[in-house]
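The next block holds one structure in the form of structure tokens; read it before the comments.
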Amino acid sequence: AAIALPMQTVESEKLGKARRIDNADARYIEACKASVSPDLSLSGLKMVVDCAHGAAYHIAPKVFSELGADVIAIGVEPDGLNINLGCGATSLDALQQQVVEHQADLGIALDGDADRIMMVDHTGAVVDGDQIIYMIARSRLVTDSMEGPVVGTLMSNLGLELAIQDMGLTFIREGVGDRHIMRRLIKDKGILGGEPSGHIICLDKTTTGDGIVAALQVLQAMVVSGDSLASLRQGMSCYPQTMVNVPVSAIMNADQLASVQGLVEDAERDLGDSGRILLRPSGTEPVVRVMVEGKDAQQVGIIANQLADRVSAAL
């Protein structure tokens with residue numbers, strides 16, 4: 001039978017529940033640290049952490065500093081309007097500059113909601129999501145903790161696919177978006193996937209994409225191997241990639257591009273086996289994205305622009 005509770009009791013229960021999450025930040029910090037070995041020490045590592053004036057502005061610096069790193073925090077002054085503004089994973093210029101100026105070992109950039117990560121090595125060179133996936137996969141193999149395929153997207157660099165295959169692992173491409181990656185990882189019992197933009201999913205450590213957790217996996221690989229970030233990524237060669245947005249009169253779907261598939265096939269013959277072409281309508285704006293990837297940057301650029309012109313004329 002239903003029991004009617006006095007309003008005072010209901011309000012007390014609400015307050016009790018609110019008190020339970022008063023230390024949510026501390027609990028999350030400990031959860032992040034628990035994603036790596038309990039004896040991991042980042043002592044001796046100097047890093048710049050860009051929190052994009054976002055959700056992790058008071059969390060990420062503490063995670064890395066509590067593990068012993070010398071942390072220089074930027075993007076930690078949110079005012080409600082400056083989130084991702086010229087900073088964070090979507091704008092790396094400030095991080096690159098700070099890493100070089102402070103002679104740091106590396107830089108870490110999160111986006112506003114901290115589910116994406118991009119990194120910068122000690123020279124200021126960008127380390128993107130594909131390279132982060134490669135480094136985590138390799139470290140999982142070394143510790144014999146890799147399970148299932150590695151899942152990327154249609155936008156994942158061909159260099160990542162080849163590097164994963166060279167490790168003896170299976171690489172699977174899914175549609176753009178973390179929900180597609182997550183679905184495939186669950187279906188095929190995998191633990192690692194992500195996007196070039198830095199949305200990395202480590203299902204053996206957490207249940208969703210988490211920039212801090214992904215960063216910690218890379219940092220642990222650095223400490224265990226004794227290698228720098230620049231050295232760790234050397235096993236993967238990124239293929240030159242050019243993206244051209246072709247304006248169209250309205251948002252299109254994939255079926256509406258069937259009329260120009262012949263143009264893609266012609267361009268693919270020019271690239272041979274050493275390249276890849278993707279024609280994809282944007283889901284948010286009236287453009288068709290023409291992406292060409294291959295070994296020769298000049299050839300890739302020429303083919304991308306030629307194909308974009310032909311697609312524009314055809315549509």
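Note that the structure is a prediction, hence the values are computed from the model and not measured.
V264 and M291 fall into different hydrophobic clusters, where Ile, Leu, Val, Met, Phe, Trp and Tyr are joined by side-chain heavy atoms under 4.5 Å apart, directly or via other members. By the criterion of side-chain heavy atoms lying less than 4.5 angstrom apart, applied directly or through intervening Ile, Leu, Val, Met, Phe, Trp or Tyr residues, V100 is not grouped with I72; the two fall into different hydrophobic clusters.
Looking at heavy atoms from C-beta onward, M47 lies in side-chain contact with F64 at the 4.5 angstrom threshold. Counting heavy atoms from C-beta outward, V288 and R280 have side chains that stay 4.5 Å or more apart. Taking 4.5 Å as the limit, some side-chain heavy atom of V127 sits within range of a side-chain heavy atom of M135. Taking the side chain as every heavy atom from C-beta outward, I201 and L185 approach each other to under 4.5 Å.
Salt-bridge formation is not detected for the pair E147/K189: no Lys NZ or Arg NE/NH1/NH2 atom is positioned less than 4.0 Å from an Asp or Glu carboxylate oxygen. One finds a salt bridge joining E30 and K33 here, because a Lys/Arg side-chain nitrogen approaches an Asp/Glu carboxylate oxygen to under 4.0 Å. Taking 4.0 Å as the cut-off between side-chain N and carboxylate O, R173 and E161 count as a salt-bridged pair.
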field: Derivation of the side-chain hydrogen bond (donor to acceptor under 3.5 Å, both in side chains) call for H102 and Q98
entry: CA-CA 6 Å; H102 289 282; Q98 290 291 315; 3.0 Å; yes
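Scanning both residues, S156 and T153, for their nearest heavy atoms gives OG-N, 2.8 Å. Closest heavy-atom contact between I303 and D270: CD1-CB, 4.0 Å. For the pair V99 and D121, the tightest heavy-atom approach, listed with the atom from each and the gap, is CG1-O, 3.5 Å. Shortest non-hydrogen contact noted between G152 and I181 is O-CG1, 4.2 Å. Here the shortest heavy-atom pairing between H122 and A230 reads CE1-CB, 3.8 Å.
A distance-only check finds a donor-acceptor pair linking the side chain of N157 to the backbone of Y239 [under 3.5 Å]. Counting only distance, with no hydrogens or angles, the side chain of N23 and the backbone of A26 share no donor-acceptor pair below 3.5 Å. At distances below 3.5 Å, at least one donor-acceptor pair connects side-chain atoms of N82 with backbone N or O atoms of E77. A donor-acceptor pair under 3.5 Å is absent between the side-chain atoms of R138 and the main chain of I133, judged by distance alone. D130 contributes no side-chain N or O that, together with a main-chain N or O of L160, makes up a donor-acceptor pair within less than 3.5 Å.
Counting non-hydrogen atoms of other residues, nucleotides and ligands closer than 6.0 Å to CD of Q234 gives a total above 12. Other residues, nucleotides and ligands contribute only 12 or fewer heavy atoms inside 6.0 Å of the CG atom of D144.
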Using distance only, find each side-chain donor-acceptor pair of residues 208-225 under 3.5 Å and give its atom names and separation, not counting sequence neighbours.
{"unit_1": "D210", "atom_1": "OD1", "unit_2": "Y28", "atom_2": "OH", "d": "3.3"}
{"unit_1": "D210", "atom_1": "OD1", "unit_2": "I212", "atom_2": "N", "d": "3.0"}
{"unit_1": "D210", "atom_1": "OD1", "unit_2": "V213", "atom_2": "N", "d": "3.0"}
{"unit_1": "D210", "atom_1": "OD2", "unit_2": "Y28", "atom_2": "OH", "d": "2.6"}
{"unit_1": "Q217", "atom_1": "OE1", "unit_2": "R140", "atom_2": "NH2", "d": "3.4"}
{"unit_1": "Q217", "atom_1": "NE2", "unit_2": "S35", "atom_2": "OG", "d": "3.2"}
{"unit_1": "Q217", "atom_1": "NE2", "unit_2": "V213", "atom_2": "O", "d": "2.9"}
{"unit_1": "Q220", "atom_1": "OE1", "unit_2": "S37", "atom_2": "N", "d": "2.7"}
{"unit_1": "S225", "atom_1": "OG", "unit_2": "A221", "atom_2": "O", "d": "2.7"}
{"unit_1": "S225", "atom_1": "OG", "unit_2": "M222", "atom_2": "O", "d": "3.4"}
{"unit_1": "S225", "atom_1": "OG", "unit_2": "D227", "atom_2": "N", "d": "3.1"}

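Residue pairs that meet the side chain to side chain donor-acceptor pair (under 3.5 Å) test with at least one member in residues 295-312, sequence neighbours left out, do not exist here.
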